[in-house]
**Q** 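Before I ask anything, here is the structure I am working with.
In listed order, ligands and their atoms are each counted from 1.
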Amino acid sequence: MKYLVLLIALSVSGVALADGGMDILQKRCVSCHDLSGPAAQSVQELWQRKGPDLFYAGSKYNAEWLEKWLVKPRRIRPAGHHSIQHIKPGDKRDMIDATTLRPHMALSPSDAEEVTEALMKLKATAEMMGTTVFKGGSISTSFGEMVFDKFNGCMACHEIEPGFGGLSGPEVYTAAKRYQADYLVSFITNPQAWNPKTPMPNKHVSAPNIQKIVQYLQALARENRDEKK
Ligand code: HEC
Ligand code: HEC
């Protein structure tokens, strides 16, 4: 009988430990982040989601970056999530209304570890991933910039260094730190497979140029501009 009680106590605490990360996610994150999918099916539904979807986090993030960021979050989207809600008309061009942007909550190192473990278990479907993967290789930043900016116009919406580039999309100089290379290839190939209502256009970039763009994002990430800011 004593053993039985001990066994039950052990298994109950074991379950509690294993679910610690998911517990935190359900209590503190689900009000802004979707954890179960699918992606929003209408623009209205998309705008109601106050943070990026996390239901495929395990196929998207580099765990090491994720854990560090949760302890010490910094802004990734210069104009916030749903930039359209944080932009005001300026004299010459639209400006970011910084008063409407809030800092992201930070987690303790032990909570961040548990949350990262739970998030990395959430995987994308095969339809989202598609079949193209990153094939490796590298490129110089100057050639990469030509493919990214001149050939494909990606800089209109993305900063390639702090203060340089468009503001409506996430900064890309940290994208390869944050995200797995196969996710980047897949997302650029078909953003709508991940999120049918995403404002990121499908630019129909050729498969070889997508490989070059991801090599370029990796070269940018190695410059560590976020840490020098
Ligand atoms: C009040 C709403 C809100 C809450 C609560 C919240 N987040 Fe966020 N989260 C956001 C917004 C907005 C962003 C986009 C920030 C940016 O781009 O700078 C974000 C970004 C993130 C990102 C980076 C996403 C990416 O791909 O760029 C992660 C990871 C994340 N949140 C995890 C969490 C976790 C884990 C919790 C709970 C412990 C949480 N968030 C709670 C609103 C929220
Ligand atoms: C019209 C503006 C626009 C253009 C042009 C554009 N993007 Fe984006 N991009 C976005 C937005 C907005 C997002 C965020 C998508 C979301 O949250 O659903 C995004 C997301 C991304 C992401 C994921 C990054 C992240 O941090 O979540 C990558 C990588 C990316 N874009 C690369 C590119 C490349 C490569 C091109 C050129 C072929 C390009 N973008 C052109 C607006 C744009």
**Q** Do any heavy atoms of Pro199 fall under 4.0 Å from ligand 2?
**A**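 True for this residue.
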
**Q** Checking the side chain of Ser186 only, and the main-chain atoms of Met128 only, is there a donor and an acceptor separated by less than 3.5 Å?
**A**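 Yes, the answer is positive, given that a donor and an acceptor are paired below the 3.5 Å cut-off.
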
**Q** So for ligand 1, is Arg77 a polar contact partner (N or O within less than 3.5 Å, distance only)?
**A**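 Yes; the residue has a nitrogen or oxygen that sits under 3.5 Å from a nitrogen or oxygen of the ligand.
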
**Q** Gln41 side chain to Ala39 main-chain N or O, any donor-acceptor pair under 3.5 Å?
**A**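 Yes, the answer is positive, given that a donor and an acceptor are paired below the 3.5 Å cut-off.
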
**Q** Considering only heavy atoms of Cys157, which atoms of ligand 2 have at least one such atom less than 4.0 Å away?
**A**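 It comes down to these atoms of ligand 2: 1 (C), 2 (C), 3 (C), 4 (C), 5 (C), 42 (C), 43 (C).
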
**Q** Under 2.8 Å from atom 8 (Fe) of ligand 2, can any N, O or S atom of Cys154 be found?
**A**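 It does not: Cys154 brings no N, O or S atom closer than 2.8 Å to atom 8 (Fe) of ligand 2.
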
**Q** Can you tell me if Glu67 uses its side chain to pair, donor with acceptor, with the backbone of Val115 under 3.5 Å?
**A**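 Absent.
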
**Q** Around atom 22 (C) of ligand 1, find the nearest protein heavy atom and jot down its residue, atom name and distance.
**A**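 Its nearest protein heavy-atom neighbour is Trp69 CZ3, 3.3 Å.
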
**Q** Suppose I only count heavy atoms of Ser168 and a 4.0 Å limit; which atoms of ligand 2 are within that range?
**A**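 Matching atoms, with element in brackets: 12 (C).
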
**Q** Should the proximity of Ile76 to ligand 2, defined as any heavy atom under 4.0 Å, be assigned to the side chain, the backbone, both, or neither?
**A**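 Neither part.
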
**Q** What atoms of ligand 1 come closer than 4.0 angstrom to any heavy atom of Leu25?
**A**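 Near Leu25, meaning under 4.0 Å from one of its heavy atoms, ligand 1 has 35 (C).
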
**Q** Measure the distances from the heavy atoms of Ala175 to every atom of ligand 2 and state whether one is below 4.0 angstrom.
**A**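 Judged by the 4.0 Å heavy-atom criterion, Ala175 does not count as contacting ligand 2.
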
**Q** Could you tell me whether the side chain of Lys123 and the main chain of Met120 form a donor-acceptor pair under 3.5 Å?
**A**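 Yes; at least one donor-acceptor contact below 3.5 Å.
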
**Q** Going by the atom numbers of ligand 2, which of them fall below 4.0 Å from some non-hydrogen atom of Thr198?
**A**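 So the answer, numbered in order with elements, is 15 (C), 16 (C), 18 (O).
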
**Q** Counting no waters, how many protein N/O/S atoms sit under 2.8 Å from atom 8 (Fe) of ligand 1?
**A**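 Protein N, O or S neighbours of atom 8 (Fe) of ligand 1 under 2.8 Å, waters not counted, come to 2.
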
**Q** In terms of residue, atom name and distance, what is the protein heavy atom nearest to atom 12 (C) of ligand 1?
**A**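 Looking only at protein heavy atoms, the one closest to atom 12 (C) of ligand 1 is Lys50 O, 3.3 Å.
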
**Q** Distance under 4.0 Å to a non-hydrogen atom of Pro201: what atoms of ligand 2 satisfy this?
**A**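 Matching atoms, with element in brackets: 1 (C), 3 (C), 4 (C), 5 (C), 6 (C), 7 (N), 43 (C).
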
**Q** Any atoms of ligand 1 less than 4.0 Å from a non-hydrogen atom of Leu70? List them with their elements.
**A**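 Under 4.0 Å from Leu70, ligand 1 has these atoms: 32 (C), 35 (C).
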
**Q** Has the side chain of Asn62 got a donor or acceptor atom that lies under 3.5 Å from a matching backbone atom of Lys177?
**A**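 Here the side-chain-to-backbone pair exists.
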
**Q** Counting only heavy atoms, tell me which of Lys212, Gln192, His158 gets closest to atom 10 (C) of ligand 2.
**A**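 Comparing heavy atoms across Lys212, Gln192, His158, the nearest one to atom 10 (C) of ligand 2 lies in His158.
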
**Q** Check whether any heavy atom of Val172 sits under 4.0 Å from an atom of ligand 2.
**A**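 Contact absent.
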
**Q** Kindly assign one of parallel, tilted or perpendicular to the pair His33 and His104, based on the angle between their ring planes and the thresholds 30° and 60°.
**A**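 His33 vs His104 ring planes: tilted.
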
**Q** Under the ring pair (Phe, Tyr, Trp, His ring centres under 6.0 Å) rule, what pairs show up with a residue in residues 129-149, not counting sequence neighbours?
**A**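 Output for this query lists Phe148-Tyr216.
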
**Q** For ligand 2 and Lys60, I'd like to know whether there is a polar contact (N/O to N/O, distance under 3.5 Å).
**A**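 In this structure, Lys60 places no N or O atom under 3.5 Å from an N or O of ligand 2.
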
**Q** Show me which atoms of ligand 1 lie under 4.0 Å from any heavy atom of Leu107.
**A**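 Listed by number with element: 38 (C).
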
**Q** Salt bridge check, Arg74 against Glu171: does any charged N sit closer than 4.0 Å to a carboxylate O?
**A**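 Answer for the salt bridge query: yes.
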
**Q** Are any of the N or O atoms of Glu171 closer than 3.5 Å to those of ligand 2?
**A**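 The answer is no, given that Glu171 and ligand 2 share no N or O pair closer than 3.5 Å.
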
**Q** What about Tyr61: any of its N or O atoms under 3.5 Å from an N or O on ligand 1?
**A**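 By distance alone, the answer is yes.
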
**Q** Closest by any non-hydrogen atom to atom 26 (O) of ligand 2: pick that one out of Arg178, Lys197, Arg49.
**A**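 Heavy atom nearest to atom 26 (O) of ligand 2 belongs to Arg178.
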
**Q** Under 4.0 Å from any heavy atom of Val205, which atoms of ligand 2 are there?
**A**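 Answer, ordered by atom number: 38 (C).
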
**Q** Can you pull out the closest protein heavy atom to atom 29 (C) of ligand 1? Residue, atom name and distance to 0.1 Å, please.
**A**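 In this structure, atom 29 (C) of ligand 1 has Leu66 CD1, 3.4 Å as its nearest protein heavy atom.
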
**Q** Which residue and non-hydrogen atom of the protein lie closest to atom 5 (C) of ligand 1, and at what distance in Å?
**A**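 Nearest neighbour among protein heavy atoms for atom 5 (C) of ligand 1, to 0.1 Å: Arg28 O, 3.4 Å.
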
**Q** What atoms of ligand 2 come within less than 4.0 Å of a heavy atom belonging to Asn195?
**A**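 Those of ligand 2 that fall under 4.0 Å from Asn195 are 18 (O).
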
**Q** Could you tell me whether a side-chain N or O of His158 sits under 3.5 Å from a main-chain N or O of Pro170, the two making a donor and an acceptor?
**A**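 Judged by distance alone, yes, a pair lies under 3.5 Å.
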
**Q** Does Tyr179 reach ligand 1 with a nitrogen or oxygen that is under 3.5 Å from one of the ligand's nitrogen or oxygen atoms?
**A**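 Yes, since at least one N or O of Tyr179 sits under 3.5 Å from an N or O of ligand 1.
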
**Q** Would you mind listing which atoms of ligand 2 come within a distance below 4.0 Å of any non-hydrogen atom of Ile213?
**A**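 Checking each atom against Ile213, I get 35 (C).
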
**Q** Which of the atoms of ligand 2 are close to Leu184, meaning less than 4.0 Å from one of its heavy atoms?
**A**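 Answer, ordered by atom number: 29 (C).
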
**Q** Where does the angle between the aromatic ring planes of Tyr183 and Phe187 fall among parallel (under 30°), tilted (30 to 60°) and perpendicular (over 60°)?
**A**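 Correct class here is parallel.
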
**Q** Could you tell me which non-hydrogen atom of Pro78 sits nearest to which non-hydrogen atom of Gly169, and how far apart they are?
**A**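 Taking Pro78 first and Gly169 second, the nearest heavy atoms are CD-O, 3.6 Å.
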
**Q** Quick check: does any side chain N or O of Asp226 sit under 3.5 Å from a backbone N or O of Tyr173, one acting as donor and the other as acceptor?
**A**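 No: the side chain of Asp226 does not pair with the backbone of Tyr173.
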
**Q** Do any N/O atoms on Lys203 end up under 3.5 angstrom from N/O atoms on ligand 2?
**A**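 No.
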
**Q** Report the part of Trp194 in contact with ligand 2, treating N, CA, C, O as backbone and CB onward as side chain, heavy atoms under 4.0 Å; options are side chain, backbone, both, neither.
**A**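 Contact part for Trp194 vs ligand 2: neither.
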
**Q** Pick, from Phe151, Phe187, Tyr216, the option with the minimum heavy-atom distance to atom 23 (C) of ligand 2.
**A**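 It is Phe187 whose heavy atom sits nearest to atom 23 (C) of ligand 2.
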
